Amino acid sequence: MMTVHESVRVRMAPSPTGLFNLGGARTALFNWLFAKKHGGKFIVRIEDTDIQRSKREYEENILESLQWLGLEWDEGPQYADERGSLNAQMNADTISVNQCSNQRKSAYRGDYGPYRQSERLDIYEEYLKKLLSEKKAYFCFCSKEQLDAEKQAMQAQGLASKYSGHCASLGEEEAEQKRKKGEKSVIRLRIPQAEVEFHDLIRGKIKFDASLMGDIVIARDLQSPLYGFAVVIDDALMKISHVLRGEEHISNTPGQILLQKALGFTEPHYAHLPLILGKDRKKLSKRYMDTSLFEYKKQGYVPEALVNFIAFLGWHPKDEKEIFTLDELVKEFDLKRVQKAGAVFNPEKLDWLNGQYIKRLTIEELIARLEPFLLEKNIAASEEFLKKIVEAERDRMKTLKDFFVLTDFFFKLPDYEANLLVWKQEPVSNIKTILEKAFGIIKNIGAENFERVQLFASLDDLVNEYGRGAVFWPLRVAVSGKSASPDPLVIMEILGKDETVRRIGIAKDKIESLIA
RNA sequence: GGCCCUAUCGUCUAGCGGUUAGGACAUCGGCUUUUCAAGCCGGUAACCGGGGUUCGACUCCCCGUGGGGCUACCA
């Protein structure tokens with residue numbers, strides 16, 4: 001385990017421009033684990049500086065997803081509708097209420113708020129002005145077309161494309177005039193001709209040649225900071241000690257470090273997590289496998305399985321244990337054991353894990369998890385009945401949703417081909433007699449004795465005469481309408497005498513029609 | 001094109017100079033067996049290539065190659 005002396009404060013800084021996905025979940029999980037491991041704080045900060053793409057509903061989705069996974073945050077947004085439950089458990093004085101830009105009252109937990117970038121615009125402006133007055137940043141009036149042409153030209157020469165610095169030497173007054181005239185401008189940070197180096201906790205030393213970067217844009221205007229600028233300010237102000245984020249951010253780290261230097265901020269520690277890749281080895285994208293977390297939820301995956309699965313994407317414990325609870329992960333987690341290369345996401349393993357978790361749930365707990373699905377499908381069944389069918393089928397369930405395809409026949413006998421009743425090479429006439437005899441035997445069992453053991457004993461003679469397969473196969477089909485099911489006698493017990501008799505009656509008719 | 005990251009079974013990975021290269025998923029076979037699962041047992045399957053360093057490289061270094069990321073007035 002790595003030793004961390006200072007107080008650990010990590011953050012998850014999602015941009016609410018889409019539904020929360022696996023990549024986000026992984027970043028959140030690793031940050032959360034790191035915080036818990038070191039007794040630190042896990043902070044959620046909403047990066048909604050891109051007002052065009054940011055949506056409130058996405059933000060809610062992110063927050064709900066985190067809660068579903070069990071990754072509760074120490075500081076960050078809090079919603080009106082959760083105040084009732086959460087507020088009660090919290091110190092009232094840790095909550096500050098702000099009026100947010102779109103008229104909605106937003107509350108936060110934590111002392112470093114607001115935790116939504118759109119509500120921190122004045123803070124950014126202040127730092128922007130500071131940079132400008134210190135001449136560390138300047139207004140740039142170059143048009144997109146100009147910039148594109150520059151870029152093309154440089155690439156054609158085989159050079160790194162970067163901003164030429166055209167407006168860097170513009171006089172203050174000149175710039176001011178242009179602005180007054182309403183010429184469109186952006187704010188750029190002066191990048192020194194220097195080497196930027198940082199130590200990545202996962203990858204070691206990473207070096208960049210800043211002279212290849214060109215002066216970077218940090219804001220559209222005083223009230224519109226860009227991501228790279230806002231993160232630096234917020235991380236510093238929120239006293240973030242460790243930045244654990246996806247590998248795609250490695251290349252914007254040097255710019256951020258330069259910004260920290262310009263502002264006199266201390267540099268946080270960095271750890272860049274490997275990417276989660278699709279089967280095509282590319283970063284998970286909207287088009288490819290990048291299903292939102294709630295989609296997994298809807299498909300019947302349990303959060304424990306998802307957490308466990310995600311943890312193992314780019315990380316591995318010391319020993320060979322594979323099933324981990326969140327608490328166990330906290331104990332085992334260590335950045336040292338985080339992988340450097342991207343990890344291809346393997347849905348089969350998720351399925352397996354999910355199945356493992358379903359098997360480990362108590363019947364009661366499993367039924368509780370099934371509840372929302374039952375509600376959605378409008379299935380009403382007694383607790384007693386549910387318990388029985390869940391018990392009979394749980395080993396076959398990979399997802400909660402499997403319950404429905406697996407247990408449909410308990411509710412309603414599906415139609416099936418008469419042929420299905422025939423066991424292997426057994427003559428149809430034998431099947432007919434077996435069904436008839438079984439029908440008679442079963443009909444004679446008292447409804448109060450309608451249990452597996454009793455059924456099994458009563459059918460003993462028939463089994464001895466024709467063989468197990470020849471007896472149980474047609475009975476299975478008769479009671480389930482399927483070729484794959486739990487033990488037919490178990491099904492009968494659950495179904496009860498009347499329904500069992502009725503179904504075997506149907507099978508008898510079918511087999512007769514086959515002969516005729 | 002430029003910059004950066006990266007490289008062990010199909011996939012996730014263990015390994016940290018000397019191993020029969022281990023585990024998990026998937027796959028294949030067997031057991032169990034009235035079906036399908038589950039479970040148990042077993043099999044197939046990997047160190048990208050080339051140079052070094054070393055008595056000895058999967059392991060360390062360099063160069064290729066492959067893969068990925070970034071290259072926005074997105075995050």
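Quick note: numbers below take in every heavy atom, side chains included, and nothing from hydrogens, waters or symmetry partners. These numbers were taken from a predicted model, which means no experiment stands behind them.
Residue K151(A) places none of its side-chain N or O atoms closer than 4.0 Å to OP1 or OP2 of G2(B). Regarding contacts with the backbone of C25(B), a side-chain N or O of W352(A) is found under 4.0 angstrom from either OP1 or OP2. Proximity of S224(A) to the phosphate of C73(B): no side-chain N or O atom is located under 4.0 Å from OP1 or OP2. Note on R220(A): every side-chain N or O is 4.0 Å or more away from OP1 and OP2 of A72(B). The side chain of R281(A) contributes no N or O atom lying less than 4.0 Å from OP1 or OP2 of A7(B).
Checked by atom type, the side-chain pair D48(A)/S118(A) shows a donor-acceptor distance below 3.5 Å. A donor-acceptor contact under 3.5 angstrom links the side chains of T253(A) and R245(A), judged on distance only. Of the N and O atoms on the side chains of Q299(A) and T399(A), not one donor lies less than 3.5 Å from an acceptor on the other residue.
Atom-to-atom, NE2 of H249(A) to P of A75(B) comes out at 11 Å; the value is rounded to the nearest Å. Residue K349(A) contributes atom NZ, which lies 10 Å from atom P of C12(B) at whole-angstrom precision. Counting to the nearest Å, the P atom of U13(B) and the CD atom of E332(A) are 17 Å from each other. Note: CG (L277(A)) to P (C5(B)) measures 18 Å, nearest angstrom. When the P atom of U71(B) is taken as reference, atom CE of M154(A) falls 17 Å away, rounded to whole Å. Here U13(B) presents its P atom at 5 Å from CD of Q339(A), a figure rounded to the nearest Å. Atom CD in Q155(A) sits about 12 Å away from atom C1' in C3(B), given to the nearest Å. Rounded to whole angstrom, the span from the CG atom of N252(A) across to the P atom of A72(B) amounts to 11 Å.
Between the side chain of K482(A) and the base of C36(B), no donor-acceptor pair of N or O atoms lies under 3.5 Å. Between the side chain of R53(A) and the base of C74(B) there is at least one donor-acceptor pair of N/O atoms closer than 3.5 Å.
V344(A) comes within 4.0 angstrom of the backbone, heavy atoms only, and of no base. Contacts of R203(A) with the nucleic acid, taken as non-hydrogen atoms under 4.0 Å apart, involve only primed sugar atoms and P, OP1 or OP2. At a threshold of 4.0 angstrom between heavy atoms, the contacts of K184(A) include nucleobase atoms, whether or not backbone atoms are also involved. P488(A) comes within contact range of at least one nucleobase, with a heavy-atom separation under 4.0 Å. At a threshold of 4.0 angstrom between heavy atoms, the contacts of K398(A) are confined to the sugar-phosphate backbone, with no base atom among them. Residue I206(A) is in sugar-phosphate contact alone, with no base atom involved, counting any heavy-atom pair closer than 4.0 Å across all strands shown. At the heavy-atom level, S480(A) lies nowhere under 4.0 Å from the strands shown. Among the protein residues, Q356(A) comes within range of the sugar-phosphate backbone only, with heavy atoms under 4.0 Å from sugar or phosphate atoms but none that close to a base. The residue R245(A) sits apart from the nucleic acid: no heavy atom pair falls under 4.0 Å. Contacts of E47(A) with the nucleic acid, taken as non-hydrogen atoms under 4.0 Å apart, involve only primed sugar atoms and P, OP1 or OP2.
Aromatic ring pairs are classed by plane angle as parallel below 30°, tilted from 30° to 60° and perpendicular above 60°; the pair Y227(A) and H249(A) is tilted.
Electrostatic pairing of D200(A) and K340(A) does not count as a salt bridge here, judged by no charged N lying under 4.0 Å from a carboxylate O. Remark: D461(A) does not engage K437(A) in a salt bridge, criterion side-chain N to carboxylate O under 4.0 Å. Salt bridge absent: E328(A) and K331(A) never bring a charged side-chain N and a carboxylate O closer than 4.0 Å. With respect to K184(A) and D221(A), no salt bridge is recorded, no charged nitrogen being found less than 4.0 Å from a carboxylate O. A salt bridge links R53(A) with D50(A): at least one charged nitrogen is closer than 4.0 Å to a carboxylate oxygen. Using a cutoff of 4.0 Å between basic side-chain nitrogens and carboxylate oxygens, R45(A) and E47(A) are scored as salt-bridged.
Comparing the P positions of C63(B) and G69(B) gives an interatomic distance of 23 Å, to the nearest angstrom. For the P atom pair drawn from G15(B) and G23(B), the interatomic distance equals 15 Å after rounding to whole Å. Distance check on atom C1': U11(B) versus U27(B) gives 12 Å, rounded to whole Å. The separation of U59(B) from G52(B), taken at their C1' atoms, amounts to 15 Å, rounded to a whole angstrom. Between the P atoms of G18(B) and C41(B), the separation comes to 30 Å (whole Å). Using C1' as the reference atom, A45(B) and U6(B) are 24 Å apart when rounded to the nearest Å. Nucleotides C16(B) and G30(B) have their P atoms positioned 37 Å apart, rounded to a whole Å. For the P atom pair drawn from C60(B) and G66(B), the interatomic distance equals 23 Å after rounding to whole Å.
Of the two residues near RNA chain B, E348(A) and S185(A), the one whose nearest nucleotide lies more 5' is E348(A). Two residues, D395(A) and S143(A), neighbour RNA chain B, and the one matched to the more 5' nucleotide by heavy-atom proximity is D395(A).
Between R11(A) and the choices D234(A), N31(A), D235(A), the side-chain hydrogen bond (donor to acceptor under 3.5 Å, both in side chains) rule is met once, by D235(A). Remark: of the listed residues F42(A), F333(A), W315(A), F333(A) is the sole one forming a ring-ring contact (aromatic ring centres under 6.0 Å, His included) with F30(A).
The partner of A7(B) is U65(B), by the rule that a Watson-Crick or G-U pair needs both atom distances under 3.5 Å. As the counterpart of C16(B), no nucleotide is assigned, since no Watson-Crick or G-U wobble pattern has both distances under 3.5 Å. Applying the Watson-Crick and G-U wobble criteria (two distances, each under 3.5 Å), A57(B) pairs with nothing in any strand. Nucleotide C47(B): unpaired (no Watson-Crick or G-U wobble partner with both distances less than 3.5 Å). In a base pair of the Watson-Crick type (N1 to N3 plus N6-O4 or O6-N4) or a G-U wobble (N1-O2 and O6-N3), with each distance short of 3.5 Å, G39(B) is matched with C31(B).
Contacts between residues 300-310 of chain A and RNA chain B, defined by a heavy-atom separation under 4.0 Å, are absent. Annotation: proximity of residues 457-468 of chain A to RNA chain B (heavy atom, distance under 4.0 Å) is found for R468(A), numbered in ascending order.
Here the nucleotide nearest the side chain of L226(A), chosen from U35(B), U13(B), C74(B), is C74(B). For E320(A), the listed nucleotide lying nearest its side chain is G22(B); candidates were C70(B), C73(B), G22(B). Nearest nucleotide to the K359(A) side chain, out of G68(B), A37(B), G39(B): G39(B). Distance from the side chain of D50(A) is smallest to C74(B) among C73(B), U6(B), C74(B). For A341(A), the listed nucleotide lying nearest its side chain is A7(B); candidates were A7(B), G69(B), A75(B).
No side-chain heavy atom of V422(A) sits under 4.5 Å from any side-chain heavy atom of P474(A). Using a 4.5 Å heavy-atom cutoff, the side chains of L277(A) and K282(A) are not in contact.
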